[in-house]
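Just the heavy atoms: all of them, side chains too, but no hydrogens, waters or symmetry mates, feed the values below. Protein chains get the first letters and strands the later ones, always in sequence-line order, with residue 1 at the start of each.
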Number of protein chains: 2
Amino acid sequence: MGTTKETIKKAAINLFYKKSYFATAMSNIALDSNIRKASIYHHYASKEDILFDILMTTMSALDAYIDNCLKGVENIENRMRAAVRAHVKFHCDNQKEVLISDTELRGLTAKNYKAFVALRDAYEKKFQDMIARGIDQGYFAAGDVKVISYAILTMCTAVANWFKPDGRLSGDQISTIYEELVVTRLLKESLPIHSLKTPVVRE
Amino acid sequence: MGTTKETIKKAAINLFYKKSYFATAMSNIALDSNIRKASIYHHYASKEDILFDILMTTMSALDAYIDNCLKGVENIENRMRAAVRAHVKFHCDNQKEVLISDTELRGLTAKNYKAFVALRDAYEKKFQDMIARGIDQGYFAAGDVKVISYAILTMCTAVANWFKPDGRLSGDQISTIYEELVVTRLLKESLPIHSLKTPVVRE
DNA sequence: TGTATCCTACCGTCCGGTAGGTAGAACATA
DNA sequence: TATGTTCTACCTACCGGACGGTAGGATACA
């Protein structure tokens, strides 16, 4: 069951996900937490404080998860593989939280907004640095690093939009497909048209 | 200037984009339209009716735009190129509307929700059909059509999240980059690692 | 005179948040 | 062991204000 604060947070995550932040009332959260509305204010200073807590812990968890998955992986291509796999897996396993992180930033005041965006920018920079390094070292095809990083990150993030926990494919399976799509296709130069039909002999 | 209804709609688009649907009050829309709140109800039956109008006209316009861009294009690879280019261009040119379409569906009642999703599904099916056909004909590398279509569509749709009208790249330039990324990379088999450094002689 | 358009004034409801209090565990003093 | 104090966690009851929407009248143009 966990602490009352965790119960409140979990209820808020479900409601923000289902109804959106602004459409969710404190009384809704209270009801789902089996608590009176005023009691929430013993654990959180305001409604926004709940949202901010969700956003920051989710972003921090994502960042820590990726760092852990990259630990000890040296080769840049393998690092990119691990990063994509971790990012997609996290977005399958924490679907509601990351969707809130994507759509409810407008519920934050300027100060909290800046704090969150700083975390997010630092996270995205890790991908941009990897891509730039991979291009430098000749592992990845040349291109606009900013645009390629946006393409990869948004595509992997959006998995949270369509992933279904009880669907045809598991989070692990989707991670594997995306790892391949990104690292062996999107980041590489392609073979010419119709080369697939007639195998090409190299070297 | 246009009709009063168009003024209201335009004000609503700006506000829904900036503050979100639920955080926007009818009085806000009235203020930005230089009209009294009650007057809005002469043109729209309810707040949701405004949202529904925005969503449906945007989705219909996107669908019509893509159809027009594909007219007369026969070769499947060129069709895919045209489709990606059109999709990205539309999402740059109608940034606010498509972002609302992506995030504010929870503001719709069940009936309206179904009507919108039907349009969207039909649109997405066009891409899935193209990808399946391209794979069949050997133009595109084999893979999970559903997942690949999601990857492509979400990546192209998300351009609306980061595109800046006065930024470094124009909508046309970004469309060109994405056209290449999707059709000559993501949909193709790649060359082996480091092949970029030493050119490969084929056939 | 009829109709479309817009207005002022108002309704009931729900919102985020607060005031102030109670039950009970923890602890210190004697 | 008995008694007073403090703290956490929760409660009931309420506040001012904003919300979406409505009733019914004024204006303007055909």
S.K.: Taking the nucleotide of DNA chain C with the closest heavy atom to each, which residue, T24(A) or I35(B), is nearer the 5' end?
M.R.: I35(B)
S.K.: Consider only side-chain N and O atoms of E48(B) and T109(B), and report whether a donor and an acceptor are under 3.5 Å apart.
M.R.: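 The answer is yes; a qualifying pair exists.
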S.K.: Could you give the OH-to-C1' distance, from Y44(B) to dG20(D), as a whole number of Å?
M.R.: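 Value for this atom pair: 17 Å.
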S.K.: Starting at atom NZ of K5(B), determine the distance to atom P of dC6(C), rounded to an integer number of angstrom.
M.R.: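 One finds 12 Å between P of dC6(C) and NZ of K5(B), rounded.
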S.K.: Nearest-Å distance, CG (L31(B)) to C1' (dC19(D))?
M.R.: 16 Å
S.K.: Write down the distance between CD1 (I8(B)) and P (dG20(D)), rounded to a whole number of angstrom.
M.R.: 15 Å
S.K.: How many whole angstroms separate atom NZ of K47(B) from atom P of dT13(C)?
M.R.: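 About 19 Å, once rounded to whole Å.
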S.K.: So does S39(A) get a side-chain nitrogen or oxygen closer than 4.0 Å to the phosphate oxygens (OP1/OP2) of dC11(D)?
M.R.: yes
S.K.: What's the closest nucleotide to the K37(B) side chain, out of dC11(D), dG21(D), dG17(C)?
M.R.: dG21(D)
S.K.: Within this structure, what is the NZ-to-P distance between K19(A) and dC15(C), rounded to whole angstrom?
M.R.: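 So the NZ-P distance, K19(A) to dC15(C), works out to 8 Å.
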S.K.: Taking OP1 and OP2 of dG16(C), is either one under 4.0 Å from a side-chain nitrogen or oxygen of S46(A)?
M.R.: no
S.K.: Counting side-chain heavy atoms from CB outward, which of dG17(C), dG20(D), dC6(C) is closest to M26(A)?
M.R.: dG17(C)
S.K.: Return no unless some side-chain N or O of H42(A) is found under 4.0 Å from OP1 or OP2 of dA9(D).
M.R.: yes
S.K.: Closest to the A38(A) side chain: dG21(D), dA13(D), dC15(C)?
M.R.: dA13(D)
S.K.: Please confirm whether K47(A) makes a cation-pi placement over Y21(A), using NZ or CZ under 6.0 Å from the six-membered ring centre and within 45° of the ring normal.
M.R.: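 Here K47(A) passes the 6.0 Å and 45° test against Y21(A).
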S.K.: Has K96(B) got its NZ or CZ under 6.0 Å from the middle of the six-membered ring of F16(B), at an angle within 45 degrees of the ring axis?
M.R.: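 No, a cation-pi geometry is absent between K96(B) and F16(B).
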S.K.: Would the distance check show the side chain of D93(A) and the main-chain N or O of F90(A) forming a donor-acceptor pair, the cut-off being under 3.5 Å?
M.R.: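 No; zero donor-acceptor contacts below 3.5 Å.
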S.K.: Roughly how many Å is it from CD1 in I40(A) to C1' in dG17(C), rounded to a whole number?
M.R.: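 Answer to the nearest Å: 11 Å.
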S.K.: At under 4.0 Å, does any side-chain N or O of S27(B) touch on OP1 or OP2 of dC19(D)?
M.R.: yes
S.K.: Return the value, rounded to whole Å, for the distance between atom CG of L51(A) and atom P of dG16(C).
M.R.: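 Whole-Å distance recorded here is 13 Å.
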S.K.: Among dG16(C), dC6(C), dC10(D), which nucleotide has an atom closest to any side-chain atom of Y41(A)?
M.R.: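 Looking only at heavy atoms from C-beta outward on Y41(A), the closest nucleotide is dG16(C).
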S.K.: Between dC7(C), dT12(D), dT18(C), spot the one nearest the side chain of R36(A), thanks.
M.R.: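 Of all the options, the side chain of R36(A) is nearest to dT12(D).
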S.K.: Where does the angle between the aromatic ring planes of F127(A) and H87(A) fall among parallel (under 30°), tilted (30 to 60°) and perpendicular (over 60°)?
M.R.: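 Perpendicular: the ring planes of F127(A) and H87(A) meet at over 60°.
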